[in-house]
Number of protein chains: 2
Amino acid sequence: MTEDGTSTGPAHTGVTDQVCELREVLDRVGDKWSVLVMALLGDGPRRYSELRRSIEGISPRMLTLTLRSLERDGLVLRTVTPSSPPRVDYALTPVGRTLSAEVGGLIRWAEEHRSYIGRSRRVYDDGGAGDLPPV
Amino acid sequence: MTEDGTSTGPAHTGVTDQVCELREVLDRVGDKWSVLVMALLGDGPRRYSELRRSIEGISPRMLTLTLRSLERDGLVLRTVTPSSPPRVDYALTPVGRTLSAEVGGLIRWAEEHRSYIGRSRRVYDDGGAGDLPPV
DNA sequence: CGGGATCCCCCGCGATACTG
DNA sequence: CAGTATCGCGGGGGATCCCG
């Protein structure tokens, strides 16, 4: 698939072509709140106010924007119940769940390698003069 | 692990706790160029100027910043060869490859669901008045 | 060739106030 | 309760110039 055929890893099926598509997912998933919202919805449907209180730190504006964006992409389903106190529930769609699962892989990677990254940063920030500090 | 024990999906081992760690990975991977650089390096080591020409659109500033950041996290190895024309090679570290592989999962997800997302957006943007448009 | 320094612009995001 | 409208900032990232 690659131009030179140098198969050195599993993460390059077409390089720049796929990266273009990847950008969309990363933009989708890389913003500040989307993943957090999806993680919460992974435990089941939630109301707007539940999400708002659970996340604590998110502004109503950003919560709405995030939910709208996820709904637009077909990852979250919005259900309005027009009662005397209006009620709106949000839930992951099946496709939303598959993305959530995929992101789960990244979570596990983060757990596994967070200490490695932490160590790397310490070494790097230490100046680079002593690249073999005592444990 | 979850507070209520509602095991509804694979993507929530501790919800908010993990999301915190995930943020680091998403910040790492979510910026504009990191993944692209890693994808290129997935085909083998490259020189600075090779990367710069391959990516086309990246400024020297951003390429350097991206590479430095990846190097700091121990994901990319920088090798300086002090010759008459100075030469610097960059390559993925073993851990860098594992992240690259993990991201590969997202790429595949993107390929599989890009049309779904596209359709969802069309329907959503169409107004929401007719939510059952003819195929 | 491989970068650092500097300037500037854009927009993601937060805070606040108001509405159906 | 579930949002919408407006304002403002901070920083990510582009362009450009220069240096070892």
Side-chain angles (χ1 to χ4, degrees), chain A residues 19-20 22-38 40-41 45-73 76-91 124-125 127-128, chain B residues 19-20 22-38 40-41 45-73 76-91 124-125 127-128:
Chain A
V19 171
C20 166
L22 180 58
R23 273 254 59 82
E24 305 173 20
V25 194
L26 290 177
D27 289 347
R28 158 79 285 152
V29 127
D31 71 273
K32 197 170 181 184
W33 301 109
S34 290
V35 163
L36 184 43
V37 168
M38 293 184 70
L40 255 359
L41 293 181
R46 304 282 155 138
R47 299 181 57 172
Y48 181 89
S49 51
E50 284 181 312
L51 288 173
R52 189 173 168 182
R53 268 178 289 107
S54 294
I55 296 182
E56 184 157 17
I58 195 173
S59 62
R61 169 189 158 79
M62 284 319 295
L63 181 53
T64 300
L65 254 59
T66 302
L67 287 168
R68 287 290 187 280
S69 178
L70 289 170
E71 186 195 5
R72 187 171 107 102
D73 287 356
V76 154
L77 184 67
R78 184 179 121 112
T79 312
V80 182
T81 308
S83 41
S84 17
R87 176 195 180 103
V88 181
D89 288 273
Y90 293 92
Y124 189 94
D125 294 345
Chain B
V19 171
C20 166
L22 179 58
R23 273 255 61 82
E24 305 173 21
V25 194
L26 290 177
D27 289 345
R28 157 79 285 152
V29 128
D31 71 273
K32 197 170 181 183
W33 301 109
S34 289
V35 163
L36 183 45
V37 167
M38 292 184 70
L40 255 359
L41 294 181
R46 304 282 154 139
R47 299 183 56 174
Y48 181 89
S49 52
E50 284 181 313
L51 289 172
R52 189 173 169 182
R53 268 177 289 108
S54 295
I55 296 183
E56 184 157 19
I58 195 173
S59 61
R61 167 190 156 81
M62 284 318 296
L63 181 53
T64 300
L65 254 55
T66 301
L67 287 168
R68 286 292 186 278
S69 177
L70 289 170
E71 187 196 5
R72 186 171 105 104
D73 287 355
V76 153
L77 184 66
R78 183 178 121 110
T79 311
V80 184
T81 308
S83 42
S84 16
R87 177 197 180 101
V88 181
D89 288 274
Y90 294 92
Y124 188 94
D125 294 345

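Chain letters run A, B, ... following the sequence lines, proteins first, then strands; residues in each count from 1. Bear in mind that the values here come from a model prediction, so they are computed numbers and not experimental data.
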Any side-chain N or O of [X] less than 4.0 Å from the OP1 or OP2 oxygen of [N]?
X       : N      : result
B:Arg52 : C:dG2  : no
A:Trp33 : C:dG12 : no
B:Arg68 : C:dG3  : yes
B:Tyr48 : C:dG4  : no

[X] [atom1] - [N] [atom2] separation (whole Å):
X       : N      : atom1 : atom2 : value
A:Leu67 : D:dA2  : CG    : P     : 11 Å
B:Ile58 : D:dG12 : CD1   : P     : 15 Å
B:Leu63 : D:dG13 : CG    : P     : 13 Å
B:Met62 : D:dT16 : CE    : C1'   : 16 Å
A:Leu36 : C:dG14 : CG    : P     : 11 Å
B:Leu65 : C:dG2  : CG    : C1'   : 14 Å
A:Glu71 : D:dA2  : CD    : C1'   : 14 Å
B:Arg53 : C:dG2  : CZ    : P     : 9 Å

Short question: side chain of [X], backbone of [Y] - any donor-acceptor pair under 3.5 Å?
X       : Y       : result
A:Tyr48 : A:Pro60 : yes
B:Arg87 : B:Thr79 : no
A:Arg46 : A:Arg52 : no
B:Thr66 : B:Met62 : yes

Selected nucleotide, minimal atom distance to [X] side chain, candidates [options]:
X       : options               : value
B:Pro86 : D:dG14, C:dC1, D:dT16 : C:dC1
B:Ser59 : D:dG14, D:dG3, C:dC1  : D:dG14
B:Thr64 : C:dG3, C:dC1, D:dG13  : C:dG3
B:Ser49 : C:dG4, C:dG2, D:dG13  : C:dG2

### Task
Check if the side chain of B:Arg61 and the base of C:dG3 share a donor-acceptor pair of N or O atoms closer than 3.5 Å.
no
### Query
If you round to the nearest 0.5 Å, how far is CD1 of B:Ile55 from CG of B:Leu36?
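Reported to 0.5 Å precision, the distance equals 4.5 Å.
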